[in-house]
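Scroll down for the structure; my scribbles are underneath it.
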Amino acid sequence: MSSLSSRARGTVSRAADNPTLERLTRAGFIGYGILHLLFAWVIVRVASGGPAADGDQSGAMQEIADEPFGLVLVVAIVVGLVAMAVWQVLEMLRERRPTERLASAGRAAFYLYLAFSGVKVVRGKKSSSADTQQDTAEGLLASSGGRIAVLVAGLVLAGLGGWLAFVGVTGRFEKHLRVGEMAAATRRLVRRLGTAGFVAKGLAYGIAGVLFVLAAWRYEPDRARGLDAALRTLAGEPYGTALLLVVAAGFAAYGLFAVTEARFRKV
């Protein structure tokens with residue numbers, strides 16, 4: 001059994017170290033960064049009160065698709081996201097620590113979710129992921145068990161937001177980077193981008209999680225719209241425009257950080 005396990009782990013390691021998968025994954029980080037930069041622009045439009053797509057990554061993909069040759073770029077981003085998901089699944093299979101396995105599984109699921117959103121955009125579907133989340137929550141809130149599910153989802157999302165902010169403040173993201181290959185100035189820049197980006201994402205996801213909890217507690221499914229609801233809630237607060245612009249700057253910083261990961265991430 002031990003020998004079989006070792007052979008299986010060796011097979012997974014060889015697959016994870018495939019040069020083609022590595023190149024596609026690194027290209028995926030560039031697309032991931034572009035997606036966050038476009039999302040930052042969507043946030044700016046929400047802050048300005050102008051018409052905007054959904055305030056989430058699917059809205060950013062729709063923004064890309066509406067530009068000349070945008071669908072080609074969305075297809076490239078989808079391919080990169082799928083490669084990133086495969087890479088994380090392989091990392092999960094060869095990782096021994098349970099917490100790291102769980103983290104890899106979560107990343108893989110998120111990358112696949114974004115890839116699926118991109119496929120829907122490429123197929124010409126204008127369906128809103130925020131609307132889908134709200135409709136799903138509305139169906140779940142019709143039963144006591146469903147309300148508990150929405151509540152748990154909100155707590156998990158809020159916890160994720162807190163963890164992302166913690167990672168940003170402490171600089172724990174650097175453990176995934178080949179910092180030894182960076183010049184001192186580059187490392188300082190990457191750390192600043194990562195800190196700002198992770199804290200901004202943590203704030204957005206944390207608010208989204210709280211809104212999910214409120215949706216379950218008060219039976220208000222319109223709050224269960226993920227990042228879209230979080231951003232529009234901020235917009236309605238005093239100094240909301242300023243807060244949204246700060247969040248937009250943070251997501252833009254994360255986008256630039258993701259682009260640097262294409263070069264320095266341990267893959």
| For V152, what are the other residues in its hydrophobic cluster, where any two members join if their side-chain heavy atoms are less than 4.5 angstrom apart? | I148, V156
| Of the non-hydrogen atoms in Q88 and A108, which two are nearest, and what is the gap between them? | CB-CB, 3.9 Å
| request: Find out whether L177 and M182 are in side-chain contact, i.e. whether some heavy atom of one side chain is under 4.5 Å from a heavy atom of the other. | output: yes
| task | Linking directly or through intermediates, with side-chain heavy atoms under 4.5 Å: list the remaining ILVMFWY members grouped with F116, chain and number order. | result | none
| In terms of hydrophobic clustering (I, L, V, M, F, W, Y; side-chain heavy atoms under 4.5 Å; direct or indirect links), are L38 and V122 co-clustered? | yes
| said: For residues L102 and L164: do they belong to one hydrophobic cluster (side chain heavy atoms under 4.5 Å, members Ile, Leu, Val, Met, Phe, Trp, Tyr)? | reply: no
| request: With the side chain counted from C-beta on, respond yes when L24 and W87 share a heavy-atom pair under 4.5 Å apart, and no when they do not. | output: no
| If only atom types and distance count, is the side chain of S104 paired as donor or acceptor with the main-chain N or O of V89 below 3.5 Å? | no
| said: Tell me the closest heavy-atom pair linking A40 and A248, and the distance in Å. | reply: CB-O, 3.3 Å
| message | Is there a path of hydrophobic side-chain contacts, each under 4.5 Å between heavy atoms of I/L/V/M/F/W/Y residues, joining V247 to V210? | response | yes
| request: Measure the shortest side-chain to side-chain distance between K201 and H36 over non-hydrogen atoms and say whether it is less than 4.5 angstrom. | output: yes
| Does K175 come within less than 4.0 Å of E100, counting only side-chain N to carboxylate O? | yes
| message | Tell me whether Y113 shares a hydrophobic cluster with L157, the cluster being built from Ile, Leu, Val, Met, Phe, Trp, Tyr side chains joined at under 4.5 Å. | response | yes
| Can you name the nearest heavy-atom pair linking Y32 to A258, along with the distance? | CD2-CB, 4.2 Å
| query | Is L245 isolated, or which residues cluster with it under the ILVMFWY side-chain rule of less than 4.5 Å, directly or via members? | reply | W41, V44
| field | Members besides L155 in its Ile/Leu/Val/Met/Phe/Trp/Tyr cluster (side-chain heavy atoms under 4.5 Å) | value | L151, V213
What donor-acceptor contacts under 3.5 angstrom involve side-chain atoms of residues 72-81, with partners at least two apart or in another chain?
none

| request: For the pair R192 (side chain) and A253 (backbone), establish whether a donor and an acceptor sit closer than 3.5 Å, ignoring hydrogens and angles. | output: no
| said: With clusters defined by side-chain heavy atoms of hydrophobic residues (ILVMFWY) lying less than 4.5 Å apart, directly or transitively, does V267 cluster with F110? | reply: yes
| Quick one: are L90 and L21 in side-chain contact, heavy atoms under 4.5 Å? | yes
| Contact check, side chains of E181 and R263, non-hydrogen atoms, under 4.5 Å | yes
| task | Compare every heavy atom of R191 with every heavy atom of G171, then report the nearest pair and how far apart it is. | result | CA-NH2, 3.9 Å
| query | Rounded to the nearest 0.5 Å, what separation is found between the CE atom of M84 and the CZ atom of R107? | reply | 10.0 Å
| message | So which atom in I43 and which in L244 form the shortest heavy-atom distance, rounded to 0.1 Å? | response | CG2-O, 3.4 Å
| query | What pairs of residues pass the ring pair (Phe, Tyr, Trp, His ring centres under 6.0 Å) test when at least one of them lies in residues 174-204, not counting sequence neighbours? | reply | F173-F198, F198-Y254, F198-F257
